Amino acid sequence: MIQVEHLSKSFSGKPVLTDVSLEILEGETMAIIGRSGSGKSVLMKHIVGLLEPDAGRVLVDGTDINAVSYNELRRIRQQFGVLFQGGALFDSMNAFDNVAFPLRHFTRLSEAEIRDRVLHCLSMVQLPDVGPKKPSELSGGMQKRVALARAVALEPRYIIYDEPTSGLDPQTSNTINELIKNLAAELNVTSIVVSHDMHSVLVIADRAAFLYNGRIHWSGTIEEMHRSNDRELLDFVKASEYQIGPAAVRSSHTY
Amino acid sequence: MPDALTRFLQPIDAFGRYVLLMAHAFRSVGEFRSYRTNLVEQMVRIGIDSIPIVALAAAFSGAVTTVQTAYQLVSPFIPRSIIGSIVAPSMILELGAVVTGFILAGRVGARISAELGTMRVTEQIDALEVMGLNSVGYLILPRVIAGVLMFPALYVLACFVGIGGGMLVAELGGFLSVGEFVQGARDFFQPFDPVFGVIKSLVFGFLITSIACFKGYFTAGGAEGVGRSTTQAAVLSCVFILVADLVLAYTLL
Ligand SMILES: Nc1ncnc2c1ncn2[C@@H]1O[C@H](COP(=O)(O)OP(=O)(O)O)[C@@H](O)[C@H]1O
Ligand SMILES: [Mg+2]
């Protein structure tokens, strides 16, 4: 379980997050939504300790990640898989070595076992043949899928996705949405999806938290979202290409 | 008023972060398994790949020093071997290390900070960190160690090539024979000179790589930021080479 308690953060005097509290339960998929620039990535970076809060704290399974030693923090981080907004593949390595990287550093698997695992992960994102390609030779969508393969290579308990579908064509988006749902269902991982793609959020999330003006303006289940008449939330949802209509409500219930 | 104060405190703040970063890097020296491959790769890229340009620059500086010394010493009362006595120590004491340093401030320093800066702005450093890897130990330590190990080697090479270049020009230009050159170089040879040169190149190697790592690691602001830290790394390294050169000469000679 991840708990964010009264977290505030400003950059050179400009507040980005103000008194943000959030709880992500074991096994659920939580979406953090909001306009671009609303601080979604900043919030997500606090959850893995890449940024330190000005006030408040982040608890992972009850441990305050900013109160422990660096080496302890590293052990906690090993339970996380993170898909960064731009993929963040190591561009000095090909796709295979990118996925193999965490396995080589954190397991004692043999090269043959690593090979099997890498190919399994790459097949999972439907890119079984891109191993020898450098990130620069892959399209943005492919880079994101390879990055997803790398993020799940160590079978993390928590997976954080930063804008997993932004900038992708609808078909690739659907592939990624399916993957996120499958991972949540099959491996029982706890997922945090940072997104402004409402279509994706409706399909994959159990609950959502809406960041607005640096605060969690609204949070609740997807079902509650459909019934909400919160002005800012509705504006945000309406502004996204996908309008929440009866069809979307139905489809979000079938999952 | 707070603005002026901020500007005054900036270099102090930067120096503090630099020291902390280096301390962090050297604390992870025990995690050899994680940076072993990087170390080998960096030694090749900093050391082996720099050989041609360092040799070229050293050969020319040795040759130019020889020609200019010969030009300044046009007196029948001074033995021509004195040219060798001037060129060889200049190379060993000053030019070998400084020429190598300036060249590598551009070549190695700029490359390291562009590389780390790009990794920072594309979140590759964040990706390393969230995997549970110590990004400072993994990225910075091997580069600094490679710099400290490879610079003295390049310095020795620069001295040999530079003095060789001087001899070649002396012989071909008809200033003095190789024999006279060697004689002159021997007459005034001080065993401490090459030791001093090696110490200097160790220091330069540390300065260039650590400054470049510092600038690259803390890059902010996209592609523009990468350009900024790359330029700053090269300029700062050159400035610190000059300062360190003077300080070392003053304290050790
Ligand atoms: N490291 C940083 N330094 C300064 N400002 C930052 C930093 N990271 C993010 N910001 C600022 O915080 C705000 C929120 O950014 P971000 O979390 O990336 O938004 P998004 O919701 O689109 O992910 C932006 O105004 C951004 O400029
Ligand atoms: Mg973002």
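Residue numbers start from 1 in every chain, and the chains themselves are labelled A, B, ... in the order their sequence lines are given, proteins ahead of strands. The shown structure was predicted, so the numbers you read here are calculated from the model rather than taken from an experiment.
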Asker: Hey, is CZ on B:Phe240 packed in by over 12 heavy atoms from elsewhere, all under 6.0 Å?
Answerer: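 No.
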
Asker: Give, as side chain, backbone, both or neither, the part of B:Thr122 having an atom under 4.5 angstrom from any heavy atom of chain A.
Answerer: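 The answer is the backbone of B:Thr122.
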
Asker: Is it the case that atom CZ in A:Arg35 sees more than 12 heavy atoms from other parts of the structure closer than 6.0 Å?
Answerer: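 Result for CZ/A:Arg35: open.
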
Asker: Just do the ring pair (Phe, Tyr, Trp, His ring centres under 6.0 Å) check on A:Phe101 and B:Tyr138 with the steps written out, would you?
Answerer: CA-CA 13 Å; A:Phe101 188 90; B:Tyr138 177 75; 5.6 Å; yes

Asker: Name the option with the most non-hydrogen atom pairs under 4.5 Å to chain B; the candidates are A:Leu154, A:Leu73, A:Ile160, A:Leu50.
Answerer: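 Option with the greatest count: A:Leu50.
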
Asker: Does CZ belonging to A:Phe106 count more than 12 external heavy atoms closer than 6.0 Å?
Answerer: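 Enclosed: over 12 neighbouring heavy atoms sit under 6.0 Å from CZ of A:Phe106.
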
Asker: Under a 4.0 Å threshold between the charged nitrogen and the carboxylate oxygen, would B:Glu129 count as salt-bridged to A:Lys45?
Answerer: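 Answer for the salt bridge query: no.
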
Asker: Which atoms of A:Gln85 come close to chain B, meaning under 4.5 Å heavy atom to heavy atom: side chain ones, backbone ones, both, or neither?
Answerer: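 Contact with chain B is through both the backbone and side chain of A:Gln85.
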
Asker: Heavy-atom count check: over 12 atoms from other residues, nucleotides or ligands less than 6.0 Å from B:Phe26 CZ?
Answerer: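 More than 12 within 6.0 Å, yes.
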
Asker: Does atom CZ (A:Phe11) have a neighbourhood of more than 12 heavy atoms from anything else shown, all under 6.0 Å?
Answerer: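 Yes.
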
Asker: Do you know the tightest heavy-atom contact between A:Phe84 and B:Val130?
Answerer: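 Closest heavy-atom pair between A:Phe84 and B:Val130: CE1-CG2, 3.8 Å.
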
Asker: Is B:Thr37 in contact with chain A via its backbone, its side chain, both, or neither, using a 4.5 Å heavy-atom distance?
Answerer: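 Contact with chain A: none, neither part.
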
Asker: Around atom CZ of A:Arg115, are there more than 12 heavy atoms from other residues, nucleotides or ligands closer than 6.0 Å?
Answerer: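 Not more than 12 within 6.0 Å, no.
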
Asker: Do you know which two heavy atoms are closest between B:Arg33 and A:His105, and how far apart they sit?
Answerer: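 That closest heavy-atom pairing would be NH2-O, 3.5 Å.
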
Asker: Looking at every heavy atom in both A:Tyr70 and B:Asn134, which two are closest together, and how far apart are they?
Answerer: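 Taking every non-hydrogen atom into account, OH-CA, 3.3 Å.
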
Asker: Measure B:Glu41 against the heavy atoms of chain A and call it side chain, backbone, both or neither at under 4.5 Å.
Answerer: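 Neither the backbone nor the side chain of B:Glu41 comes within 4.5 Å of chain A.
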
Asker: With a 4.5 angstrom heavy-atom cut-off, is it the side chain or the backbone of B:Ile125 that approaches chain A, or both, or neither?
Answerer: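 Neither the backbone nor the side chain of B:Ile125 comes within 4.5 Å of chain A.
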
Asker: Please report the interatomic distance CZ(A:Arg74) to OG(B:Ser135), rounded to the nearest 0.5 Å.
Answerer: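 Between A:Arg74 CZ and B:Ser135 OG, I get 9.5 Å after rounding to 0.5 Å.
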
Asker: Does some side-chain heavy atom of A:Arg150 sit less than 4.5 Å from a side-chain heavy atom of B:Met131?
Answerer: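 Of all side-chain heavy-atom pairs linking A:Arg150 with B:Met131, at least one is under 4.5 Å.
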
Asker: Determine whether a donor-acceptor pair (N or O, by modelled atom type, separation under 3.5 Å) exists between the side chain of A:Arg77 and the backbone of B:Gly132.
Answerer: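 Not a single qualifying donor-acceptor pair exists.
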
Asker: Just verifying a value: how many Å separate A:Ser92 OG and B:Asn38 CG, rounded to the nearest 0.5 Å?
Answerer: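 Answer rounded to 0.5 Å: 8.0 Å.
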
